[in-house]
Amino acid sequence: MQKCRYRFSGQEETALSHEGTLTGRLLLQKIIETRAPPLATTENTPNLTTEFNPFELEPSIDKSPLLSETDMAEKIQAKIPNLPIRYWQKFKGKAISKNKTCAKFPSLYDLSFNNMYWQTLKTTNGTFYLYGAYYDNRTLVALKPVIRILGMINRLEPKVKTFCQLWFEGYKEPIFARVWEYKYIWYKKWGNYKNGIFQPYMIGCQIPPGHRHLVPESVSLVERPCDMATTNLRVINNRPEKGEKENFAVCVKGLDFLDTDLSVRMVEWLELLFILGANKVFLYDLEIHPNISKVLSYYQELGRVEVTKLTLPGEQPNIPGLLHMYLKSKLINKRQNELIPYNDCLYKNMYRYKYIALLDTDEVIMPKSSMDWKSLMDIVVPKALKTKNNTRASYNTRNVYFMDSMRHTHSWFREIPHYMHMLQHVNRSYNYTKPGQYVKCFHDPERVLTLHNHFPLSCLGGSCSTYAIDTEDAHLQHYRADCVNTLKKLCSSEYKNRTIMDTTIWKYREPLVSRVTETLLRLGFFTPGTTSSRAMDLPASGVRRK
């Protein structure tokens with residue numbers, strides 16, 4: 001068969017030698033016209049002929065060597081942290097069980113997966129969707145050490161008896177432990193208190209005597225001890241090597257910003273948290289805009305943030321866009337689903353940080369009598385001990401609104417870049433929301449058992465104790481377009497119509513502007529040669545530090 005060679009002149013195409021149909025020639029003509037680059041082009045030679053031989057071209061494809069099974073396992077482990085892949089690889093192909101008919105160690109291929117990140121146990125009275133397992137040996141744990149399993153159950157107050165099959169390194173059979181607690185992570189007065197709806201739970205198993213000096217590699221939840229498990233979760237035990245804790249971690253619920261590009265505001269928010277003393281920010285990704293993903297990937301490479309992919313369990317929708325519509329329409333379901341990432345973040349980091357704060361991306365705990373969170377807590381803790389000589393489980397800050405509509409009279413501050421949303425919005429409501437409402441806390445992970453968005457739901461050693469930080473020392477700056485729905489009736493009269501200027505944030509202006517601008521430049525958010533048309537007409541004297 002002869003090679004086909006085509007001459008392309010920009011005016012016509014002629015087959016010098018061909019075999020094929022007219023359709024084939026027209027197809028190649030289309031490819032040549034749209035894809036083949038000319039070898040030379042000048043204004044003076046518009047009809048310069050370029051020869052193009054498709055039989056001599058080589059498409060550029062990924063020719064990287066295939067991953068080994070070990071490398072593939074590492075990639076899967078990074079994507080799905082709750083899988084005990086390394087432990088499974090050690091015993092793959094080996095018989096590990098109580099006996100031939102009882103409690104066989106499940107292969108990863110035998111597990112019942114649900115929406116990638118969940119494992120399913122179907123019982124005679126309800127279905128369990130399991131997300132994570134954690135080793136808890138904190139000082140105040142009464143039955144320590146225990147294994148806690150975080151998940152959702154489509155039952156209220158489950159009555160079904162279940163067991164943990166605990167799998168230890170070097171053991172050829174599991175150790176059984178009966179589930180002694182289903183800890184409900186919700187208050188029934190908040191709604192959705194009925195069977196059939198996914199309810200958040202923390203499930204507890206005590207490690208039996210004789211094995212309490214060991215940490216299980218993984219745990220399977222079963223209805224009867226000898227059952228063939230359909231779940232097997234890696235037991236997370238993130239203890240620092242030297243036992244030293246860092247100061248502050250921030251946990252953020254599943255981000256739902258598919259079509260909303262908050263990337264620039266995300267950079268400003270993260271950089272402010274780092275200035276205030278956050279050692280690391282942990283975020284969960286439901287669906288996010290590509291620009292937000294670019295920002296978070298950048299900080300993840302720097303080791304300043306950790307992003308965990310997240311889905312909703314069961315039959316709840318995970319289709320991009322539909323997921324957002326579902327969460328917006330099913331607000332109580334949304335709130336219940338949020339408790340999974342909050343508590344997963346707590347248990348992953350309870351040994352690594354002195355304080356854990358749960359924040360949304362439009363909130364900042366702002367020190368007023370000090371420069372950062374550490375110096376703030378150096379003031380707050382002694383004050384708390386003076387009122388009651390007992391270490392608190394949490395320290396809460398009052399909520400105050402900085403709304404988009406609360407602009408200053410001169411529009412934009414000229415000496416502050418317009419893309420610095422928080423630095424530009426320094427008018428806030430005069431009134432705080434009521435004490436205890438919409439607060440955010442610094443939590444002591446040695447004392448909290450389960451967390452809600454605003455406060456602990458349960459604590460170790462008894463009831464949860466909290467200390468309200470004086471608004472002279474700190475408050476929660478909440479940047480919103482409007483009040484939350486539950487305050488809509490009071491929003492105008494109590495918050496929008498009575499405002500004051502609060503420039504506390506300006507004490508961080510220079511480092512914050514510098515860091516944000518440098519990061520945006522690095523990430524390519526500025527187009528060279530363009531300037532903003534936004535009016536910034538406030539005289540220089542209008543920008544003062546407080």
Side-chain angles (χ1 to χ4, degrees), residues 66-92 105-122 127-135 147-153 164-167 169 198 200-203 215-222 229-238 251-256 280 282-288 293 296-297 300-301 303 305-320 323 337-349 352:
L66 295 177
L67 293 176
S68 67
E69 188 172 286
T70 300
D71 293 335
M72 182 67 75
E74 290 292 331
K75 289 191 68 173
I76 297 171
Q77 184 71 88
K79 290 182 179 180
I80 309 182
N82 67 14
L83 278 180
I85 291 182
R86 295 182 184 90
Y87 183 64
W88 172 75
Q89 279 192 311
K90 291 180 182 179
F91 297 101
K92 188 178 62 171
F105 181 72
S107 165
L108 294 186
Y109 312 133
D110 296 326
L111 302 183
S112 178
F113 291 101
N114 175 257
N115 292 324
M116 288 186 68
Y117 307 107
W118 303 80
Q119 296 181 30
T120 307
L121 167 64
K122 294 181 179 180
T127 301
F128 293 55
Y129 294 93
L130 308 181
Y131 184 78
Y134 321 90
Y135 177 77
I147 301 302
R148 302 195 190 275
I149 301 174
L150 178 64
M152 302 191 85
I153 311 173
C164 288
Q165 295 174 350
L166 303 173
W167 303 93
E169 178 75 36
F198 299 117
Y201 279 93
M202 187 70 79
I203 302 164
V215 179
E217 289 288 329
S218 68
V219 57
S220 298
L221 190 67
V222 293
T230 59
T231 66
N232 192 236
L233 298 161
R234 181 172 71 93
V235 174
I236 295 173
N237 180 32
N238 289 338
C251 297
V252 186
K253 65 190 178 189
L255 299 179
D256 174 27
K280 197 163 187 176
F282 297 84
L283 307 102
Y284 292 78
D285 170 12
L286 280 169
E287 49 179 3
I288 57 177
S293 181
L296 296 182
S297 295
Q300 189 156 244
E301 289 179 6
V305 310
E306 181 177 300
V307 182
T308 302
K309 287 290 294 181
L310 183 67
T311 57
L312 304 183
E315 297 78 25
Q316 297 176 101
N318 287 288
I319 300 169
L323 183 150
N337 279 290
E338 287 173 354
L339 295 173
I340 297 300
Y342 284 142
N343 286 277
D344 177 66
C345 189
L346 164 66
Y347 277 86
K348 283 180 177 176
N349 295 296
R352 301 198 290 192

Worksheet item: Hey, what do you get for OH (Tyr134) to CG (Asn237), rounding to the nearest 0.5 Å?
Response: 13.0 Å

Worksheet item: Does Asp344 reach the side chain of Leu310, with side-chain heavy atoms less than 4.5 Å apart?
Response: no

Response to the item:
Output for pair (Lys79 NZ, Thr308 OG1), nearest 0.5 Å, gives 14.0 Å

Worksheet entry | Sidechain-backbone polar pair: Thr231 side chain, Ser220 backbone, donor-acceptor under 3.5 Å | no

Practice prompt. Could you walk me through whether Phe128 and Leu221 pass side chain to side chain contact (heavy atoms under 4.5 Å, CB included), step by step?
Written response: CA-CA 9 Å; Phe128 293 55; Leu221 190 67; 3.8 Å; yes

Worksheet item: Between Gln316 and Pro313, is there a donor-acceptor pair closer than 3.5 Å when you use the side chain of the first and the backbone of the second?
Response: yes

Worksheet item: Which atom pair, heavy atoms only, marks the closest approach of Asn114 to Gly314?
Response: OD1-N, 2.7 Å

Discussion item. Please report the interatomic distance OH(Tyr131) to OG1(Thr311), rounded to the nearest 0.5 Å.
Written reply: 7.5 Å

Practice prompt. Measure the spacing between NZ of Lys122 and OG1 of Thr230 and express it to the nearest 0.5 Å.
Written response: 9.0 Å

Worksheet item: Is a salt bridge present between Glu169 and Lys90, judged by a nitrogen-to-oxygen distance below 4.0 Å?
Response: yes

Worksheet item: Yes or no on side chain to side chain contact (heavy atoms under 4.5 Å, CB included) for Lys253 and Tyr342, after CA distance, side-chain angles and deciding distance?
Response: CA-CA 6 Å; Lys253 65 190 178 189; Tyr342 284 142; 3.3 Å; yes

Worksheet entry | Ile149 side chain near Cys164 side chain, heavy-atom distance below 4.5 Å | yes

Item to complete: Indicate the atoms forming the closest heavy-atom contact of Gln119 with Asn232, along with that distance.
Response: OE1-N, 2.6 Å

Discussion item. In the structure I gave you, are the side-chain heavy atoms of Lys348 and Phe282 within less than 4.5 Å of one another anywhere?
Written reply: no

Fill in: Which atom of Pro200 lies closest to which atom of Ile340, heavy atoms considered
CB-CD1, 4.5 Å

Worksheet item: Is the Tyr87-Trp167 ring centre distance short of 6.0 angstrom?
Response: no

Practice prompt. Decide yes or no for Tyr117 and Ile80: does some side-chain heavy atom of the first lie under 4.5 Å from some side-chain heavy atom of the second?
Written response: yes

Fill in: Ile147 vs Tyr135 side-chain heavy atoms within contact, under 4.5 Å
yes

Worksheet item: Which atom names give the shortest non-hydrogen contact between Leu83 and Gln77, and what distance separates them?
Response: O-NE2, 2.8 Å

Worksheet item: Rounded to the nearest 0.5 Å, what separation is found between the CG atom of Asn337 and the CG atom of Asp256?
Response: 11.5 Å

Response to the item:
Taken in chain and number order and not counting sequence neighbours, the residues that satisfy ring-ring contact (aromatic ring centres under 6.0 Å, His included) with Phe198 are Tyr129

Item to complete: Verify, without hydrogens or angle tests, whether Arg234 (side chain) and Pro81 (backbone) share a donor-acceptor contact under 3.5 angstrom.
Response: yes

Worksheet item: Roughly how far, to the nearest 0.5 Å, is the CD1 atom of Ile319 from the CD atom of Glu287?
Response: 10.5 Å

Worksheet item: Are side-chain heavy atoms of Pro341 and Cys345 found at a separation under 4.5 Å?
Response: no

Item to complete: Start with the C-alpha distance between Thr120 and Thr127, add both sets of side-chain angles, then the distance that settles side chain to side chain contact (heavy atoms under 4.5 Å, CB included), and finish with yes or no.
Response: CA-CA 7 Å; Thr120 307; Thr127 301; 3.6 Å; yes

Worksheet item: Taking the side chain from Glu338 and the backbone from Gly254, do they hold a donor-acceptor pair closer than 3.5 Å?
Response: no

Worksheet item: When you measure from the side chain of Asn238 to the backbone N and O of Asn349, does any donor-acceptor pair fall under 3.5 Å?
Response: no

Worksheet entry | Student check: side-chain heavy atoms of Ile288 and Val307 closer than 4.5 Å | no

Worksheet item: So, does Asn82 use its side chain to make a donor-acceptor pair with the main chain of Gly132 at under 3.5 Å?
Response: no

Worksheet item: Taking the six-membered ring for Trp, are Tyr109 and Trp88 parallel (under 30°), tilted (30 to 60°) or perpendicular (over 60°)?
Response: perpendicular

Worksheet item: Run the side chain to side chain contact (heavy atoms under 4.5 Å, CB included) check on Glu217 and Arg86 step by step: do they pass?
Response: CA-CA 9 Å; Glu217 289 288 329; Arg86 295 182 184 90; over 6 Å; no

Worksheet item: Is there a side-chain contact between Leu233 and Pro84, using heavy atoms and a 4.5 Å cut-off?
Response: no

